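The block underneath contains the structure these notes are about, expressed in structure tokens.
Keep in mind the model is a prediction, meaning the values are calculated, not measured.
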Amino acid sequence: MLPLKFIRQNVELVRRGIVSKGTEDERLDKILTLDVQLREKIAQAESLKARRNKASQAIAQLKREGSEAKNEISAMGELSQQVKKLDQEIQDLHTNLHNQLLWLPNLPHPSSPIGSDPSHNRTVSTIQAATLPDFQIQDHLTLYATLGLVDFDAGSRIAGRGFPLYTGRGARLERALINFMLDLHTLERGYTELYPPFLATRKTTEISGQLPKLEEDMYVTAVDDLFLIPTAEVPLTGIHQNEVLLEDELPRKYAAFSACFRREAGSYGKETRGLLRVHQFNKVELVKFVHPEASYDELETLRSDAEEVLRRLELTYRVVDLCTGDLSFAAAKCYDLEVYAPATDQWLEVSSCSNYESFQARRGNIKFRRKDTNKLDYVHTLNGSGVATPRLMVALLETYQQPDGAVALPEALVPYYGEESIVSR
RNA sequence: GGAGAGGUGGCAGAGUGGUUGAAUGCGGCGGUCUCGAAAACCGUUUCCCGUUUACUCGGGACGGGGGUUCGAAUCCCUCCCUCUCCGCCA
């Protein structure tokens, strides 16, 4: 959510920003019109209320002196009706304005490359960490099957397409990846481990920016209006809603595992096989609440923390600085981490590390008190996947397969998996 | 799911429908005293919105929303949350 005052004072800046993110600017004009109307009504209502308050005090005075105040009271009747009517109009305008504001995306940071689609993204670095196999290699789909790691048919029978059933060593590998990542972030990188609810209220889901725009992509429970989380970002960002944090407590760093649920509406026909695009997957998520002046430094360390997962697993990956048109609704700047899958020769997104600045903090009313001025201010929020497992597993299998069909695991993962390789039986 | 109790300022805790943004205590901040500190004493201490170049002025907020009233922290309805007991259950 952008502050109204800021919008009012920087109309053209806001317009350029949202247009570069691919949003129509009609909504902005609508907001400006509503804002003018609203302030006009507020001024009217407040002057009437000022009169009412004065009269009310006069009545109280008369009563205390023991005299009747019939005339004064009846004179107040009409005034009160007018106030009531104006208040109703103000409320309607306010609701309308608020709903419009919820649809206005965050502005991109000046350092984000300008562009309308992924072709304008900027590759920041490419890390060639592993020796790639030099023999005729199999793709991940074949490897799942020969090693018996995932049963897609059974998953479909249970819940429909896109709900993989991890089996045997596949299930164990999944668990190993999650534990490895959680240990890395919490024991070595100073994140506090959390285990959040996997369902969240509409309000909480609104804070992180998934609602209202992405409602079609979310699973909702019918009777309770609870949303299955598409990422642990949703519950983690909701933790401190309506709170004031101490400046000394910043940054607050949280890491959490969660299952993630995404309807992926509109993406049918793409990547429907395997684990590249599924309705339920696992992810370790990192969320930080930070001091506004530190947020871009924090973005770099967040990215580095997420990268560390890929470094330890000795995978080839690259870091991409997303262009304005490819940024998510709430983000001001975002790095994607893409891991390389050699058999299919694809770069697979396994992490997005974003700075939301005060956008989410405003929606969630998450503040801190500045020690020098003693004033309240919004924190900045950041989050990054650290990282999502399905595509990670794809890259891992394709990168580490052996000529005999087994998969030799990177050293970092061995203690978690319990064996040095995954062998077909 | 059933029955009951309760939600007030950073915390604790008052509050007959009419100067109550809110007593009192604790905490915080500033000051007096002191070589310094403690104690004591004095003062101060919420946030949001509108208005103004500014000083200012005005409005609003006692879990959320609605209602009654000239006027609501105070009365009524409703939702949420917390606690206690009962039932059910991993």
What nucleic acid atoms does A:R8 come within less than 4.0 Å of, heavy atoms only: base, sugar-phosphate, or nothing?
-> sugar-phosphate
A:E411 CD: over 12 foreign heavy atoms closer than 6.0 Å | no
When the C1' atoms of B:A22 and B:C76 are considered, how many whole Å apart are they?
-> 23 Å
May I have the distance from A:Q9 (atom CD) to B:U52 (atom P), rounded to whole angstrom?
-> 12 Å
What's the closest nucleotide to the A:L376 side chain, out of B:C47, B:C70, B:C49?
-> B:C47
Residues A:R312, A:E308: salt bridge by 4.0 Å N-O rule = yes
Using only side-chain N and O atoms of A:R369, determine if any of them is under 4.0 Å from OP1 or OP2 of B:C47.
-> yes
Can A:D35 and A:R39 be counted as an ion pair, charged N to O under 4.0 angstrom?
-> yes
Span that lies between the P atom of B:A14 and that of B:G7, in whole angstrom = 9 Å
Is A:K283 paired with A:E233 through a side-chain N to carboxylate O contact shorter than 4.0 Å?
-> no
Distance test, side-chain N/O of A:K367 to OP1/OP2 of B:C48, below 4.0 Å = yes
Interatomic distance where CG belongs to A:N242 and P belongs to B:G63 [whole Å] | 14 Å
Pairwise P distance for B:G10 and B:U45, with rounding to whole Å = 14 Å
In residues 79-96 of chain A, which ones come under 4.0 Å of RNA chain B, going by heavy atoms?
-> A:S80, A:K84, A:Q91
C1' spacing across the pair B:G21 / B:A40, given as an integer number of angstrom = 30 Å
Taking the P atom of each, how far is B:G65 from B:U44, in whole Å?
-> 32 Å
Is any side-chain nitrogen or oxygen of A:R52 closer than 4.0 Å to OP1 or OP2 of B:A72?
-> no
Among B:U51, B:C49, B:C70, the one nearest A:I42 by side-chain distance = B:C49
Searching all strands shown, indicate the nucleotide that pairs with B:C83 (Watson-Crick or G-U wobble; both distances under 3.5 Å).
-> B:G4
Would you mind reading off the distance between A:L97 atom CG and B:G50 atom P, rounded to a whole angstrom?
-> 11 Å
Please say whether more than 12 non-hydrogen atoms of neighbouring residues, nucleotides or ligands are located less than 6.0 Å from NZ in A:K30.
-> no
Look at A:N53 and B:G60 and indicate whether a side-chain polar atom (N or O) is within less than 4.0 Å of OP1 or OP2.
-> yes
How close or far is atom P of B:C49 from atom CG of A:N365, stated in whole angstroms?
-> 10 Å
With the side chain defined as heavy atoms from C-beta on, A:K49 is closest, among B:G58, B:C70, B:G60, to B:G60
Do A:E206 and A:R202 sit within salt-bridge range, that is, some charged N less than 4.0 Å from a carboxylate O?
-> no
Less than 4.0 Å between a side-chain N and a carboxylate O, is that true for A:R252 and A:E249?
-> yes
Does B:U68 have a Watson-Crick or wobble mate here (both distances under 3.5 Å), and if so which one?
-> none
Using the C1' atom on both, measure B:U68 against B:G17 and round to a whole Å.
-> 12 Å
Whole-Å P distance, B:C42 and B:A54 = 39 Å
Rounded distance (Å) that lies between atom P of B:C57 and atom CG of A:L48 = 21 Å
Residue whose closest nucleotide on RNA chain B lies nearer the 5' end, A:A60 versus A:K375 | A:A60
Spacing of A:I422 atom CD1 and A:L143 atom CG [to the nearest 0.5 Å] | 9.5 Å
Please report, rounded to the nearest Å, how far the P atom of B:G59 is from the CD atom of A:Q44.
-> 16 Å
If you look at every strand shown and take non-hydrogen atoms under 4.0 Å, does A:A43 touch a base, only sugar-phosphate, or nothing?
-> nothing
Between B:U52 (P) and A:E46 (CD): distance, integer Å = 12 Å
Does the pair A:E12/A:R15 count as a salt bridge with the N-to-O cut at 4.0 Å?
-> yes
Could you give the distance separating B:G59 and B:A72 at their P atoms, to the nearest angstrom?
-> 14 Å
Can a side chain N or O of A:K41 be found less than 4.0 Å away from OP1 or OP2 on B:G50?
-> no
Which one is paired to B:A54, where only Watson-Crick or G-U wobble pairs with both distances under 3.5 angstrom count?
-> none
Mind checking who B:A73 pairs with, Watson-Crick or G-U wobble, both distances under 3.5 Å?
-> none
Identify whether any heavy atom of A:K5 sits under 4.0 Å from a base atom; if not, whether one sits that close to sugar-phosphate; answer base, sugar-phosphate or nothing.
-> sugar-phosphate
For A:I73 and for A:K54, find the nucleotide of RNA chain B with the closest heavy atom, then tell me which residue's nucleotide is more 5'.
-> A:K54
Lys/Arg N to Asp/Glu carboxylate O, A:R362 vs A:E357, below 4.0 Å = no
G-U wobble or Watson-Crick pairing nucleotide for B:C88 (cut-off 3.5 Å, both distances) | none
Any-strand Watson-Crick or G-U partner of B:U20, both distances under 3.5 Å | none
Nearest to the side chain of A:R39, which nucleotide is it out of B:G18, B:G58, B:U51?
-> B:U51
